[in-house]
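Numbered from 1 within each chain, the chains take letters A, B, ... in sequence-line order. The structure displayed is predicted, hence computed values, not measured ones.
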Amino acid sequence: MKIGVMIQEGPYNHEASDTAYKFIEAAMAKGHAIQGVFLYDDAVTNVAKHMEPPQDDRHIARRWSELGAKGVDIVVCVAAAKRRGMKPELIVDNTRISGLGQLSEICTEAERVVTFGD
Amino acid sequence: MAKIMFVNRNAPHGTIYAWEGLEVVLIFGAYENELSAVYMDDAVFSLKKGQDTTALGIKGFLQTLPVLEDYGCEKIYVDKESMEKRGLKTDDFAIPVEVVDSAGIGKIMEEQDVILPF
Amino acid sequence: MLHIVNKSPYMKSSLESCIRVAQKNDPILLIEDAVLGLAAGGGAESIVQGALKDHPVYALSADISARGLAGNLTSGVKVIDYADFVDLVEQHKPMTWL
């Protein structure tokens with residue numbers, strides 16, 4: 001089944017990004033296709049390139065980048081990104097900045113859309 | 001084409017969810033989907049007449065709400081219990097809405113393909 | 001429809017709004033801080049037990065364990081993992097009550 005995901009919260013402050021990641025991992029393990037992961041609101045900072053968490057903590061941006069490398073389309077909302085000073089050169093590899101139209105497409109193409117937020 | 005419903009539950013101004021939720025509607029209007037919105041819990045205050053955000057320096061809702069219909073979001077529902085619990089009446093709202101009881105809201109949600117909460 | 005709730009019922013009325021609107025037999029899944037409502041003997045236990053009359057109620061095991069609640073859950077709730085979460089989403093269109 002094609003599953004789309006929207007995240008509305010940034011890293012660490014909220015569990016949203018962690019739950020979304022675990023959910024996507026489990027969905028992929030079951031053979032589902034991830035139609036796209038749309039980062040909206042403060043969630044745009046989940047893929048901040050210069051993120052440096054303590055070594056014994058999970059690296060949230062790297063996790064999303066690795067998922068992107070596996071072919072998952074990770075889309076950072078351009079309008080939300082601009083508000084928060086996020087630019088293409090400030091996001092991790094294997095993720096991209098695009099418009100809310102991408103979220104609309106995810107909603108049209110995916111059979112399920114799950115939102116994680118706070 | 002998908003039936004997409006925006007379920008607004010957050011109050012305006014205190015957090016950005018209500019505003020960024022509106023921005024989603026404006027973009028989605030350019031795509032061929034069937035759009036509707038529900039305002040429940042504290043989000044009913046987003047629709048209130050007489051909001052003046054000048055002193056906050058935050059963009060208000062009152063210019064944008066009347067154009068939702070032009071952007072394809074033709075049905076705007078208000079949860080009756082949320083409205084009454086907060087001392088609001090139908091004529092407190094800045095735009096025409098359809099006030100629906102709990103069971104009605106549940107039924108409308110069930111008919112959707114995708115629900116995006118804000 | 002699958003109703004996903006992530007808020008502690010002690011802090012926000014998301015679970016109560018969800019129960020009020022959810023159609024009979026729709027499953028409810030408690031994740032993140034919503035699992036705090038599952039503690040046996042807590043003031044929110046009655047809300048969860050009320051929900052169980054009309055809905056199957058599920059809760060994420062990882063969130064329960066993280067909060068030290070595994071040995072003290074109200075009865076009737078099905079504890080599931082992320083893979084089961086995916087199955088619920090496959091079976092029902094989801095709505096998240098944040």
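Contacts of C:Lys12 with chain B are made by side-chain atoms alone, with heavy-atom separations under 4.5 Å and no backbone atom involved. With a 4.5 Å cut-off on non-hydrogen atoms, B:Val7 touches chain C through its side chain but not through its backbone.
By the 6.0 Å contact criterion, CD on B:Glu111 is enclosed, its count of non-hydrogen atoms from other residues, nucleotides or ligands being greater than 12. Annotation: B:Met1, atom CE; neighbour count of heavy atoms from other residues, nucleotides and ligands within 6.0 Å is above 12. In this structure, B:Tyr31 places its OH atom where more than 12 heavy-atom neighbours from other residues, nucleotides or ligands lie under 6.0 Å away.
Interface with chain C: from residues 76-107 of chain B, residues B:Asp79, B:Glu81, B:Ser82, B:Ser102, B:Ala103, B:Ile105, B:Gly106, B:Lys107 qualify, criterion being any non-hydrogen pair under 4.5 Å. Against chain C, the residues from residues 8-22 of chain B that qualify, each with a non-hydrogen atom under 4.5 angstrom away, are B:Arg9, B:Asn10 in number order.
Atom CE of C:Met95 sits about 4.5 Å away from atom CE of B:Met109, to the nearest 0.5 Å. Put simply, CD on B:Glu110 and CE on C:Met1 are 5.5 Å apart, with the number rounded to the nearest 0.5 Å. Distance check, rounded to the nearest 0.5 Å: CD1 of B:Ile115 to NZ of C:Lys93 gives 8.0 Å.
Within the structure, side-chain hydrogen bond (donor to acceptor under 3.5 Å, both in side chains) pairs that include any residue of residues 33-43 of chain C comprise C:Asp33-C:Arg67 (at least two apart or interchain). Among pairs with a residue in residues 54-64 of chain B, those fulfilling side-chain hydrogen bond (donor to acceptor under 3.5 Å, both in side chains) read B:Asp52-B:Thr54, at least two apart in sequence or across chains.
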